[in-house]
Colleague: 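First, the structure itself, so that you have it in front of you.
Only a predicted model underlies this, so the values are computations on that prediction, with no experimental measurement involved. Order of the sequence lines fixes the chain letters, A, B, ..., with proteins taken first and strands second; residue numbering starts at 1 for each chain.
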Amino acid sequence: MIRKLKVLQWSSDVSRTILCTNVTLAQSSKCLTTITNHVKQTTPVYIPITSDHLKHQRTYEALVFPNKVSYPDVYSCTKMIQGHVRNNRLNNALKLFDEMPVRDVVTWNSMIKGCFDCGNLELGCKLFEEMPERNVVSWTTMLNGLLLYKRTKAAEKLFLEMPLKDEATWNSMIHGYFINGRVEDAVRLFHEMPNRSIITWTSMISGLDLAGKSDDALLLFNQMMPSGIRPTSFTFSSAITASANAKDFHLGVKIHGQVIKLGYLSDTYITSPLITFYAHCNDTDSSSKVFNENPQTSVVVWTSLLTGYSLNSKHEKALQVFSNMFRSNVLPNQSSFTSALNSCCEMEDSNKGNVINGAAIKLGLESDMFVGNSLIVFYTKHGNIQNGLSVFKQIPKKNIVSWNSMIVGCAQNGYGMWSLILFNQMISKGMLNEADDITFTGLLSACSHSGMLEKGQNIFNYLLKYKFKKVKLEHYACMVDILGRSGRLHEAEELIKNMPMEPNKSIWLSLLSACKMHSNLKMAERVTQAIFNIDQDCSAAYTLLSNLYAFSGRWNDVLRIRELMKSKGVVKEPGHSVA
DNA sequence: CCACACAACC
């Protein structure tokens, strides 16, 4: 497997020699010895870089132009800047940019985009201000930068005021609205814009799907198809993903047929969502058929298959795929680990997860945030708080999911106090603004599992006062649980009655089990009635009420309930837990 | 040189 490097140009600075995708600086410098030996030749040569040099499975080759020590022309320098940017080496790009004897507008545009791509908004803006002349690409690049960094207001202003616009500009703005959650504005612009291309349609389809409006996305796709606009593989990729999310089996299969006809099927960007699509429709046989019919070397496609099995609770098969990856020389990445660990969570045997943890360490992924987060969940679900904590400590860049996983993990294992301590640590790290509904569900369930009434009330009141993201039904459910367990049955009942949303069955059941716990028959009868209004045949409610009657010695009522259950055909669900 | 697509954590 030989893959040519994108651009290679010899210059006096060795670090500039290798500019290609997927190769890091350290890896590049390892290859330099090889390359330097060839420099004396006069014609360009391809130098294979073997897997010794690269951790990746592929072999690369480098095109070297020997005997050129002076600065390359503007075009080549610009290409080299782009190469550096692709490898996330902003400083190298900037150094070259500064040293170049001549720059044109394309060089400036590439450098500005480079700043944005490498995470430096300010510098990109500064260069945009400084540049001597701007073309439409410059303006659009700037627009994209602002949108990428969520400066939607500034982007809108720029969009209105910029002197030059082309089709890409409009497309940028539409896509930018989507990634900033401004769906209505994107749709508005779509209707307002002068010329819609296939890229516009594709942006709309993927954007609507991203916003959770997969049905609308598919509507648009179906609208577009007969209009004569030729879809690209981008379009199909988005449409398949939308079909997967909408679980529109019929349409997905139809698109599958279309991509076969057009010869797109073997494209990674088609195969992968197609596998996911079938998995979402619970047809993993078709997933594996798509996979097997298209010989795969892409880790993404492998991971789609793995995740598909995992989602369908075919955990053995999922782990089989995971180990087959190694055998096929496709090294799993963060996503693969995440899915494999998800499957391990659902399996009794915790050894599998330990093995996967070992593999993660071997691949240097042990401190990766995604892998770490999954490991925390795996260990805490298996009751191993210690390992969970040590993984947690090892993640250098924790996000809110890391904190949530640890808080929830402690809560589930009865270490409620630790959850609260972790929350305090989270605040002191300045992460309070990141707290979301799951954080608070975790904290409240910690209070409920560990019987901390007062702390639970404080957290709940705090949540109500500051309306973090959104107060959800689960929060009320936890609070009802906390109050109920502590015997504050009337407060719990009041809370349910005054909730801003419709109470569901499980929240009433939680109160009912509290009634049983604290032998409040009168309330239990009321609550059961409320449950029957939602679900007439709720066996858990029948059982709880009949247990309570039995406990109070009201055997006639016990018999009455049993008869009622029999006549209604309600079966007692074994092992049903209410909490 | 600017615009659209794949897998992943609570």
Side-chain angles (χ1 to χ4, degrees), chain A residues 75 78-79 81-82 104-114 116 135-145 147 164-176 178 197-207 209-210 231-242 244 264 267-277 279 298-308 310 332-342 345 368-378 380-381 395 398-409 411-412 436-439 441-442:
Chain A
Y75 177 83
T78 305
K79 282 284 172 209
I81 286 177
Q82 290 158 17
D104 65 8
V105 63
V106 180
T107 319
W108 281 91
N109 290 344
S110 305
M111 195 61 246
I112 293 169
K113 182 173 161 46
F116 295 149
N135 61 13
V136 64
V137 178
S138 324
W139 288 97
T140 308
T141 304
M142 188 60 225
L143 183 70
N144 278 318
L147 288 165
L164 301 159
K165 276 193 195 86
D166 66 4
E167 198 191 276
T169 320
W170 285 85
N171 290 333
S172 288
M173 198 62 219
I174 287 187
H175 181 243
F178 276 122
S197 69
I198 184 58
I199 293 183
T200 323
W201 286 90
T202 309
S203 290
M204 288 300 294
I205 292 166
S206 69
D209 180 55
L210 182 78
T232 63
S233 64
F234 280 67
T235 322
F236 285 117
S237 183
S238 306
I240 296 170
T241 303
Y264 288 147
D267 185 337
T268 300
Y269 282 98
I270 297 293
T271 318
S272 184
L274 204 50
I275 290 172
T276 304
F277 158 75
S298 156
V299 62
V300 176
V301 178
W302 279 84
T303 306
S304 304
L305 184 69
L306 163 58
T307 308
S310 184
N333 65 10
Q334 301 93 318
S335 309
S336 334
F337 273 97
T338 298
S339 289
L341 285 165
N342 277 346
C345 283
D368 178 86
M369 187 181 71
F370 273 82
V371 177
N373 294 351
S374 305
L375 279 169
I376 295 172
V377 176
F378 163 74
T380 55
K381 279 207 176 156
I395 307 174
K398 302 175 184 53
N399 70 352
I400 185 61
V401 180
S402 324
W403 288 95
N404 285 352
S405 308
M406 204 62 241
I407 288 173
V408 170
Q412 282 167 347
D436 59 14
D437 49 321
I438 295 163
T439 319
T441 308

Colleague: Just checking Thr235(A): base, sugar-phosphate only, or nothing, at a heavy-atom cut-off of under 4.0 Å?
Modeller: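 No contact at all - Thr235(A) keeps every heavy atom at 4.0 Å or more from the nucleic acid.
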Colleague: Describe the nucleic acid contact of Thr202(A) in one word from base, sugar-phosphate, nothing, applying a heavy-atom distance below 4.0 Å.
Modeller: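 Thr202(A): base contact, heavy atoms under 4.0 Å.
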Colleague: So what does Thr276(A) hit on the nucleic acid, given a heavy-atom distance under 4.0 Å: a base, only sugar-phosphate, or nothing?
Modeller: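 Result for Thr276(A) = sugar-phosphate.
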Colleague: Regarding Thr268(A), tell me which of base, sugar-phosphate or nothing describes its non-hydrogen contacts under 4.0 Å with the strands shown.
Modeller: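 Result for Thr268(A) = base.
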Colleague: Given Ile407(A) and Thr439(A), is the side chain to side chain contact (heavy atoms under 4.5 Å, CB included) satisfied, shown in steps?
Modeller: CA-CA 7 Å; Ile407(A) 288 173; Thr439(A) 319; 4.2 Å; yes
Colleague: Has Ser339(A) got a side-chain atom pairing as donor or acceptor with Ser336(A)'s backbone, closer than 3.5 angstrom?
Modeller: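 Such a contact is absent between Ser339(A) side chain and Ser336(A) backbone.
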Colleague: Go through the structure and list residues passing ring-ring contact (aromatic ring centres under 6.0 Å, His included) with Tyr264(A), not counting sequence neighbours.
Modeller: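 ring-ring contact (aromatic ring centres under 6.0 Å, His included) check on Tyr264(A) returns Phe236(A).
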Colleague: Within the structure shown, what part of the strands sits under 4.0 Å from Asp166(A) by heavy-atom distance: base, sugar-phosphate, or nothing?
Modeller: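 Since a base atom lies under 4.0 Å of Asp166(A), the category is base.
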Colleague: Along DNA chain B, 5' to 3', what are the outermost nucleotides having an atom less than 4.0 Å from a heavy atom of chain A?
Modeller: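 Answer, 5' to 3': dC1(B) to dC10(B).
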Colleague: Asp368(A) versus Asn373(A): any side-chain heavy-atom pair under 4.5 Å?
Modeller: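 With C-beta onward as the side chain, the pair stays apart.
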Colleague: Please tell me whether Ser203(A) and Asn171(A) have a donor and an acceptor in their side chains that are separated by less than 3.5 angstrom.
Modeller: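 Absent: no donor and acceptor within the cut-off.
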Colleague: Can any side-chain N or O of Ser310(A) pair as donor or acceptor with the backbone N or O of Leu306(A) at less than 3.5 Å?
Modeller: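 No, the answer is negative, given that no donor and acceptor are paired below the 3.5 Å cut-off.
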